[in-house]
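Computation of the quantities below employed the complete heavy-atom set of this structure, encompassing side-chain atoms and omitting hydrogens, waters and symmetry-equivalent molecules. Just so we're on the same page: letters track the sequence lines, and every chain starts at 1.
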Number of protein chains: 2
Amino acid sequence: MSNDPISRIRRFNRAVTREVGALDNSFLGRGRPLGAARVLNAIGHGHTDVAAIRDYLGLDSGLMSRLLRGLEEEGLIETEPHSDDARRRVASLTEAGQREFEAYEDLSNDRASALLARSPHSDALLLAMDLVASALGRDRISVEEIDPRSEAARFCLGEYYAELGRRFEKGFDVALSRDPDAAAMVRPRGVFLVAMSDGLAIGCVGMKGTGGGMAEIKRLWVASSARGLGIARRLMAAAETAARELSITTLRLDTNSALPEALQLYRKSGWVEIDRFNDDPYPDHFFEKHL
Amino acid sequence: MSNDPISRIRRFNRAVTREVGALDNSFLGRGRPLGAARVLNAIGHGHTDVAAIRDYLGLDSGLMSRLLRGLEEEGLIETEPHSDDARRRVASLTEAGQREFEAYEDLSNDRASALLARSPHSDALLLAMDLVASALGRDRISVEEIDPRSEAARFCLGEYYAELGRRFEKGFDVALSRDPDAAAMVRPRGVFLVAMSDGLAIGCVGMKGTGGGMAEIKRLWVASSARGLGIARRLMAAAETAARELSITTLRLDTNSALPEALQLYRKSGWVEIDRFNDDPYPDHFFEKHL
DNA sequence: CATTTTATCTGACTTAAGTCAGGTAATTTG
DNA sequence: CAAATTACCTGACTTAAGTCAGATAAAATG
């Protein structure tokens with residue numbers, strides 16, 4: 001009765017509603033009703049099209065219109081007709097609006113810092129929060145193509161190397177491995193894909209063109225807090241789609257038996273094991289797939 | 001920028017606000033404003049005193065009064081003066097009110113089940129939710145004395161034995177250990193204490209009187225999702241307080257080196273290591289503390 | 001026992017949020 | 001190019017939520 005799954009979820013909801021309730025109040029305390037603050041926030045976060053904001057916040061068009069007029073009168077935003085379609089309007093922050101938006105952001109950040117500061121074992125708490133957020137937001141996880149030298153990509157690679165270091169008995173040193181240079185993972189030679197969940201990178205995969213209709217899959221990683229959501233499968237599928245677009249007909253990859261989930265995924269999705277095709281010291285399994 | 005702790009907490013808040021927002025709507029859909037539904041719920045959950053409800057929900061006394069009249073007119077609740085103090089009023093559910101309250105409970109349970117059903121790896125998700133709920137609710141964790149044969153106590157003991165099974169190389173079989181009989185952990189011979197966090201038992205400790213001003217500390221356990229919150233320390237402190245009340249002057253306990261956190265706690269809190277005092281096959285360390 | 005305090009109630013108000021029926025101007029469609 | 005559609009705006013309305021100043025009756029206080 002007190003420890004069954006449903007009670008545990010409801011307990012979680014109660015605990016979090018309290019906390020989030022307190023966090024929602026950060027919208028207050030600046031002398032502006034919640035509706036107006038939400039619109040200001042939406043604009044600050046890049047929702048400029050009035051219809052997009054209305055849709056995002058689920059507002060009636062009449063209410064939306066009034067909220068926009070209110071923010072305009074406060075001198076926080078400006079609106080102008082859309083350049084392509086004069087019926088539509090686009091909103092943007094004025095300088096004062098930008099400052100006000102940042103003040104709200106600071107309030108939210110302060111709440112988050114305060115929560116962190118009063119939590120011991122904050123690493124475990126953050127991991128648990130990541131897991132919950134990824135599970136709740138699983139329908140909104142997207143796979144995006146980014147530059148392998150970008151911040152999100154470097155974050156993923158750092159986590160990937162750290163994971164290998166933990167998994168391999170003798171650790172992992174990037175310098176000893178054949179580090180694929182980033183330029184080979186940019187179109188038209190290859191691609192680098194990340195899985196994004198509400199702004200956080202939770203997985204990645206690289207495809208490195210090697211010439212002659214061939215490419216190698218590298219750096220497949222999924223955050224431990226996001227496993228079991230089918231993300232590796234989605235990343236691999238997206239990589240194969242990109243490969244076809246780039247007229248690549250044969251994909252190869254190497255991996256290690258310390259990564260059994262990866263081995264299982266490859267075997268289940270049409271890859272066939274082949275002989276060693278490089279002298280990298282880490283891998284002990286080699287696969288190939290014809291597209 | 002996208003993977004720092006503060007961003008991760010804010011991502012968690014966004015994800016959970018969506019979910020909880022959807023859950024809050026379970027209060028709607030029954031043709032009753034949120035305020036009235038919250039009061040009905042509070043009464044259903046045992047807050048009968050009007051002042052207590054007002055305090056719990058943070059409502060103005062005027063508003064509270066009107067909400068109560070509304071629920072009374074709907075035939076869902078009844079109020080009567082408090083028997084000790086006729087200024088105060090106590091509210092209770094009518095039969096119709098009880099049914100309505102249960103309908104709300106069912107809606108909440110359904111939402112929770114739906115979340116569970118669409119989540120793979122629900123064990124990991126539930127553990128993460130427990131951890132977050134315990135961390136957010138750490139200020140509301142209480143230590144309570146309960147019967148060692150009650151459901152909450154048996155849940156704790158089950159988790160404790162499972163934990164020993166995982167920690168000990170050769171597993172753990174209760175039958176081989178000197179299972180303290182429950183009667184020895186009830187006043188006046190001893191006590192059994194649990195740590196409760198918003199309705200969930202997250203830790204326990206037993207004290208078993210052995211006669212002659214002596215007692216043994218048994219079954220100290222804290223849920224993995226609630227470690228680092230100082231719960232073991234609070235449980236032990238509460239057990240010592242209870243021991244003094246029961247005129248016990250010497251406490252003893254046995255433990256195992258596979259439980260290093262426990263060993264460290266005992267050493268830091270005034271326990272001294274002594275020679276083996278029983279022939280139980282599991283323990284390899286023995287401690288004593290004079291009160 | 002008169003005074004003060006406490007718990008609740010009532011009436012008069014305000015604000016926020018949302019709904020709905022037109023209205024206007026730009027754009028799309030047949 | 002007339003008719004329909006679309007995007008947004010405006011005015012009139014409703015509901016929910018909350019605030020505040022007394023009113024009332026019971027209980028506590030000196």
Provide, to the nearest angstrom, the distance between the [atom1] atom belonging to [X] and the [atom2] atom belonging to [N].
X: B:Arg38; N: D:dA16; atom1: CZ; atom2: C1'; value: 13 Å
X: A:Arg69; N: D:dC8; atom1: CZ; atom2: C1'; value: 9 Å
X: A:His82; N: D:dA7; atom1: NE2; atom2: P; value: 12 Å
X: B:Asp85; N: D:dT24; atom1: CG; atom2: P; value: 20 Å
X: A:Leu59; N: D:dC8; atom1: CG; atom2: P; value: 13 Å
X: A:Asp55; N: D:dT6; atom1: CG; atom2: P; value: 15 Å
X: B:Arg54; N: D:dA17; atom1: CZ; atom2: P; value: 18 Å
X: A:Met64; N: D:dC9; atom1: CE; atom2: P; value: 8 Å

Once you measure the plane-to-plane angle for A:Phe101 and A:His45, does it fall in the parallel (<30°), tilted (30-60°) or perpendicular (>60°) bin?
perpendicular

For B:Tyr56 and B:His47, take the angle between the two ring planes, folded into 0 to 90°, and tell me which bin it lands in: parallel under 30, tilted 30 to 60, perpendicular over 60.
parallel

Candidate nucleotides D:dC20, D:dA27, D:dC8, ranked by approach to the side chain of B:Ala86 - the nearest:
D:dA27

For A:Arg138 and B:Ser119, test the side chains for any donor-to-acceptor distance below 3.5 angstrom and give the result as yes or no.
no

Under 3.5 Å, is there a donor-acceptor pair between the B:Ser134 and B:Arg227 side chains?
no

Is the phosphate of C:dA26 approached by A:Arg88 (side-chain N or O, under 4.0 Å from OP1 or OP2)?
no

Check the phosphate of D:dA7 against A:Arg89, side-chain N and O only, distance under 4.0 Å to OP1 or OP2. Yes or no?
no

Answer with yes or no whether A:Arg87 presents, from its side chain, a donor or acceptor under 3.5 Å of a partner atom in the base of D:dT6.
yes

Does the C:dG11 base have a donor-acceptor partner in the side chain of B:Arg66 within less than 3.5 Å?
yes

DNA chain C: A:Gly62 or A:Asp84, which has the more 5' nearest nucleotide?
A:Gly62

